[in-house]
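To start, the structure itself, in structure tokens.
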Amino acid sequence: MRTRTVYRCQACGRAEPRWAGRCAGCGEWHTLVEELEARSARQGGRPGTHAPPGDRSAARPTPITDVEDDEAARLVTGLSEFDRVMGGGIVPGSATLVGGDPGIGKSTLLMQVAGRLCGQGAAVLYVSGEESARQTRLRGRRLGVEAGSLLVYAETRLEAVQLEVERLAPAALVIDSIQTLATDALDSAPGSVGQVRETAARLVRLAKAGGPAVFLVGHVTKEGAIAGPRVVEHMVDTVLYFEGDRGHPYRILRAVKNRFGSTNEIGVFEMKDRGLDEVANPSELFLSERPADAAGSAVVASLEGSRPVLVEVQALVGHATYGTPRRTTIGVDPNRVALLVAVLEKAADVTLVAQDVFVKVAGGVKLSEPAIDLALIAALASSVRDRPLDPETLVFGEVGLSGEVRAVAQAELRLREGAKLGFTRAVLPRGNARRLVEAAGLEIVGVRDVSE
Ligand code: TYD
Ligand code: MG
């Protein structure tokens, strides 16, 4: 039976029987998205993970002490960088979104995860809408994944996938990718906001109703044209983003949402010709190509989730050749750099107005923690003065607008990581230095403001 669908404006909620480029209600452009009518009427136009009317009795109020906790039941893949980001393994019946740029390695990662699960005797259904079963097989061979319990299914119809999940009852289901999947209930094309939202919502429901742990691959797309992973972020339990520079072999798996673990946990991998290798000590990797005695380079101890990671930040300040000076950053927010440049100008009495400023985080890493501020300042100052920093010195601290250096969390953890990699000195906020219980054998230089 086919349900009626409507096109609902995402801005004002108005429903139209047919698609139009512009909403007749509020006048907004490109806001109409196809939805199932029955559901949209009841839920105010927001399809989500709610149970349909017939399923209402599936859950019962239960004493909290009688509710099964999933901790013991987690599926541990043994791919420890992945397990840690997931919060200690995969929770059965959970839904995870794995987002990232095309070609970054999402399929590779999930194929390896599937291989590990199969190696433990679990069955995994790998639905590939992007590649043929044969191509998937070739990838599997390259990755050394040859298990018979890994079922490859080249299908793009949601209904067909649902049937197979019922029939096979796999422990995990991989949808590669959500943008290729479509339900017969909607007329919209695969990859449209309506399809992505509806298919994802149904798969999440499938997972919650005692189904498999579901992994949805989502390509990050240019906004507008087709629906990106953001559309499903609120429906799933865990959102992972796979990042990295295509030019670099390093890949970082980051949890931006996790109902079953800490967010901002990262896993570091290296893409090799036989798949992704875990990087147990990322600091060592990120610092391995650091130039000796070069001006404009500083090493920061940044906290990524529960783990400190040492990364090199580089700055290059030079005379602007044409008109407006450039401010280019890779791996850090350009606004933050602009702000720090202003702080540095004021505090150290240097003029950067007419200078080009380039800032880069080495190794394709992206840093967002405030504790990197002081290292950015140090790298900028070092480039301006053309004086290299001591290569065995570590820098971290948050910088305020008046140039004050503020304390950051987990200073000891950062210092310990530095000591492990042979650093002998650390420049850090005085607020941290005062409260330090142990310095991990490093010489500590506490600073209160940028001019120091
Ligand atoms: P892929 O997992 O297909 O990316 P996504 O699913 O995110 O689009 O990875 C694609 C890239 O990874 C491709 O450029 C080839 C490279 N690659 C390797 O370097 N080694 C390997 O073992 C595999 C399988 C892929
Ligand atoms: Mg892929």
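None of these values were measured; they are calculated from a predicted model. Atoms within a ligand are numbered from 1 in the order they appear, just like the ligands themselves.
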Within the 4.0 Å heavy-atom cut-off, what Met111 brings close to ligand 1 is neither

Indicate whether any N or O donor in one side chain lies under 3.5 Å from an N or O acceptor in the other, for His234 and Lys257. no

Students should be able to answer this: which protein heavy-atom is nearest to atom 2 (O) of ligand 1, and at what distance? Thr108 OG1, 2.6 Å

Could you see which bit of Pro102 sits under 4.0 Å from ligand 1, with heavy atoms only: side chain, backbone, both or neither? backbone

State whether the side chain of Arg22 and the backbone N or O of Trp29 hold a donor-acceptor pair below 3.5 Å, judged by distance alone. no

Specify whether the nearest protein heavy atom to atom 13 (C) of ligand 1 is under 4.0 angstrom away. no

Among all protein heavy atoms, pick the one closest to atom 11 (C) of ligand 1 and tell me residue, atom and distance. Gly103 O, 3.5 Å

List the closest protein heavy-atom neighbour of atom 6 (O) of ligand 1: residue, atom name, distance to the nearest 0.1 Å. Ser107 OG, 2.6 Å

Spatial distance of atom CD1 (Ile372) from atom CG (Leu340) [nearest 0.5 Å]: 8.0 Å

Can you name the atoms of ligand 1, numbered from 1 with element, that are less than 4.0 Å from a heavy atom of Gly105? 1 (P), 2 (O), 4 (O), 5 (P), 7 (O), 9 (O)

For the residue pair Glu270 and Arg251, establish whether any side-chain heavy-atom pair is separated by less than 4.5 Å. no

How many angstroms lie between atom OG1 of Thr5 and atom CZ of Arg18, to the nearest 0.5 angstrom? 11.0 Å

Gln195 side chain vs Thr183 backbone, donor-acceptor pair below 3.5 Å: yes

Sub-3.5 Å N/O-N/O distance, Arg139 and ligand 1: yes

Any nitrogen or oxygen of Gly275 lying under 3.5 Å from a nitrogen or oxygen in ligand 1? Just yes or no. yes

Identity and distance of the protein heavy atom lying nearest atom 23 (C) of ligand 1: Arg142 CZ, 3.6 Å

By ring pair (Phe, Tyr, Trp, His ring centres under 6.0 Å), which residues pair with Tyr250, not counting sequence neighbours? His248, Phe286

Is the closest side-chain heavy-atom distance between Leu303 and Phe396 below 4.5 Å? no

With distance as the sole test, does Asp176 use its side chain to make a donor-acceptor pair with the main-chain N or O of Ser128 at under 3.5 Å? no

Is any side-chain heavy atom of Val332 closer than 4.5 Å to one of Lys366? no

Does the distance from a Lys or Arg side-chain N to an Asp or Glu carboxylate O, for Arg290 and Glu312, drop under 4.0 Å? no

What atoms of ligand 1 come closer than 4.0 angstrom to any heavy atom of Arg274? 22 (O)

Which protein non-hydrogen atom lies closest to atom 16 (C) of ligand 1, naming both residue and atom, and how far is it? Met271 CE, 4.1 Å

Hey, are Asp237 and Lys208 close enough for a salt bridge, meaning a charged N less than 4.0 Å from a carboxylate O? yes

What atoms of ligand 1 come closer than 4.0 angstrom to any heavy atom of Leu143? 22 (O), 24 (C)

Taking non-hydrogen atoms only, is Lys272 closer than 4.0 angstrom to ligand 1 via side chain, backbone, both or neither? backbone

Judged by atom type as modelled, is there a donor-acceptor pair below 3.5 Å linking the side chain of Gln314 to the main-chain atoms of Gly296? no

Under 4.0 Å from ligand 1, counting heavy atoms only, is it the side chain of Asp273, its backbone, both or neither? backbone

Glu131 to ligand 1: N or O pair under 3.5 Å? no

What do the steps show when you test Glu16 against Arg14 for salt bridge (Lys or Arg N to Asp or Glu O under 4.0 Å), and what is the final call? CA-CA 7 Å; Glu16 298 279 355; Arg14 182 189 169 99; 2.6 Å; yes

Suppose the cut-off is 2.8 Å; how many protein N/O/S atoms fall inside it around the Mg ion (ligand 2)? 1

